[in-house]
Number of protein chains: 2
Amino acid sequence: MKSESLMLNDPMPLTPIASAPQAEPEKRVRDRGATEKAILNAAKALLAEEGFQNFGINAVARKAGCDKQLIYRYYGGLNGLVDAIGADLGTWVKDRIPEDTGGMFLLTYGDLMERLSLLFLQALRDDPLMRRIVAWEVSENTEQVRRLSEARSKALATWLERMRGSLTPPKGVDAVAVNAILIAAIQHIVLSASAGGQCAGLALKASKDWEKAEQALKRIVRGVYG
Amino acid sequence: MKSESLMLNDPMPLTPIASAPQAEPEKRVRDRGATEKAILNAAKALLAEEGFQNFGINAVARKAGCDKQLIYRYYGGLNGLVDAIGADLGTWVKDRIPEDTGGMFLLTYGDLMERLSLLFLQALRDDPLMRRIVAWEVSENTEQVRRLSEARSKALATWLERMRGSLTPPKGVDAVAVNAILIAAIQHIVLSASAGGQCAGLALKASKDWEKAEQALKRIVRGVYG
DNA sequence: ATCAAATGTCGCCGAGCGGCGACATCGATC
DNA sequence: GATCGATGTCGCCGCTCGGCGACATTTGAT
């Protein structure tokens with residue numbers, strides 16, 4: 001939730017943060033930085049909650065409690081705002097990297113991929129914004145979604161890279177292709193579950209359903225990577 | 001009266017080119033049956049070409065070259081029309097079942113699933129309408145999409161059932177869960193390719209890209225089913 | 001105190017949407 | 001020919017959307 005690295009300005013050095021831990025929600029005095037954050041947060045929350053269908057200038061402004069004109073002024077419209085969301089996705093990597101990763105004794109590439117698969121599954125299940133973005137990616141091909149997609153793809157690649165460490169896939173296996181399919185499977189399973197509570201006849205609601213899915217996923221990973 | 005308009009256009013709509021809707025020169029005189037068909041075909045074509053985003057009464061009426069009032073009269077609105085599309089999906093099964101299936105010598109469940117996976121992959125790649133519906137399913141959870149989803153799910157299940165024949169999965173493997181994951185992977189791969197030409201860093205444009213993907217998919221299926 | 005810039009607000013525009021009532025036209029039947 | 005139901009057409013309604021011009025208020029430097 002920390003993203004001072006906006007492309008626009010570094011506003012006024014003194015930030016009258018009011019310092020109250022729980023500031024009164026109503027009166028937001030003229031503070032561009034705060035307004036920008038409010039807009040960005042509103043956009044992310046709106047996208048996460050409602051999906052891309054009803055994602056627009058009016059809705060974001062409503063949710064942020066400000067005039068839509070400010071979105072044009074501060075972000076240059078929806079496109080800029082989407083870019084800001086994309087930039088924010090970089091933090092996803094940091095939040096999802098357990099620091100003790102190195103401590104684990106992942107002996108084989110199979111161990112690694114089994115672990116990563118389950119981690120990614122869980123991460124997606126826990127992250128509605130990311131889910132909505134993935135759904136958006138497979139539903140449209142506009143400039144907006146293309147930028148978001150690129151940011152997400154980069155974040156994912158970085159994450160994989162860092163988690164991989166020095167392990168290398170077994171010879172004779174096209175790891176890029178296989179992993180792409182595994183990632184696709186995980187993404188679609190989670191999306192299907194989120195949308196309809198099932199996927200191809202497999203119920204995905206109760207936690208025992210998910211245990212089944214995880215078991216199957218492990219089997220698949222182990223089958224291909226040993 | 002079947003499938004002459006099932007697969008129009010290429011599988012990769014880059015930009016919703018506003019090509020002239022080009023009404024067919026055929027002059028429809030007052031013929032309710034023909035009008036109903038025209039509406040249904042327009043709806044399917046529109047959904048296949050433009051996706052669910054711009055799918056609405058006005059757009060369908062425009063494409064069908066008739067007044068939207070007729071959609072209300074004949075189908076009871078968009079919901080009824082969507083139901084009609086769903087009912088039409090039943091034909092999907094018939095079109096996708098090679099009659100010589102029984103003649104094939106599929107020795108093992110692994111043989112079967114490898115074959116089915118590739119067949120399903122190809123079928124989805126060739127069927128823009130089905131792709132759009134899958135994308136819709138993971139993006140919304142409205143009554144409309146729920147009905148469509150059910151029809152598609154049933155069609156898919158029927159297809160799998162018929163193709164399976166008498167083969168049974170190996171013991172100790174949760175075939176339902178594993179197959180759900182395989183189907184999820186295929187669907188997501190195809191959707192990603194259609195939308196962005198790649199998936200998780202794996203390019204999916206040229207046919208050699210797809211050969212890679214198919215190879216990896218086969219490996220995965222063989223890994224889990226032997 | 002003054003004033004210009006930064007910040008926030010209001011309301012309009014043209015367009016498209018779903019929905020529907022009212023009307024026009026045709027064709028079969030009497 | 002007159003009638004009446006089936007079929008097709010027209011235009012309106014209320015709403016939301018994205019976009020933006022014009023205005024109001026506050027702040028900070030002079």
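Reminder, nothing fancy here: chain letters follow the sequence lines and each chain counts from 1. Keep in mind the model is a prediction, meaning the values are calculated, not measured. Below, each value reflects all heavy atoms present in this structure, side chains not excepted, and no hydrogens, waters or symmetry copies.
- The backbone N or O of B:A34 sits less than 3.5 Å from a side-chain atom of B:D31, completing a donor-acceptor pair.
- Proximity of a side-chain donor or acceptor of A:R132 to a complementary backbone N or O of A:A48 within less than 3.5 Å is detected.
- Spacing between atom CG of B:D67 and atom P of C:dG19 amounts to 14 Å, rounded to whole angstrom units.
- For B:Q53, the side chain to side chain donor-acceptor pair (under 3.5 Å) criterion is met by no residue, not counting sequence neighbours.
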Kindly give the atom pairs (protein nitrogen or oxygen, nucleotide nitrogen or oxygen) under 3.5 Å for nucleotides 28-30 of chain C.
none

Can you give me the N/O atom pairs linking the protein to nucleotides 14-18 of chain D at distances under 3.5 Å, or say none if there are none?
| unit_1 | atom_1 | unit_2 | atom_2 | d |
| --- | --- | --- | --- | --- |
| D:dC17 | OP1 | A:R62 | NH2 | 3.3 |
| D:dC17 | OP2 | A:R62 | NH1 | 3.3 |
| D:dG18 | OP1 | A:I57 | N | 3.4 |
| D:dG18 | OP2 | A:I57 | N | 3.2 |
| D:dG18 | OP2 | A:N58 | N | 3.0 |
| D:dG18 | OP2 | A:N58 | ND2 | 2.6 |
| D:dG18 | N7 | A:N58 | ND2 | 3.4 |
| D:dG18 | N7 | A:K68 | NZ | 3.3 |

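- Summarising the local packing, NZ of A:K154 is surrounded by 12 or fewer heavy atoms from other residues, nucleotides or ligands at distances under 6.0 Å.
- Distance, A:L70 CG to D:dC20 C1': 13 Å, rounded to whole Å.
- Within the structure, side chain to side chain donor-acceptor pair (under 3.5 Å) contacts touching residues 197-218 of chain A (residues at least two apart or in different chains) do not occur.
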Pairs under 3.5 angstrom, nitrogen or oxygen only, protein versus nucleotides 23-26 of chain C, please.
| unit_1 | atom_1 | unit_2 | atom_2 | d |
| --- | --- | --- | --- | --- |
| C:dT25 | O2 | B:R30 | NH1 | 3.0 |
| C:dT25 | O2 | B:R30 | NH2 | 2.8 |

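- In the displayed structure, B:E150 atom CD is contacted under 6.0 Å by at most 12 heavy atoms of other residues, nucleotides or ligands.
- The side chain to side chain donor-acceptor pair (under 3.5 Å) contacts involving residues 68-77 of chain B comprise B:N58-B:K68, where partners must be two or more places apart or lie in separate chains.
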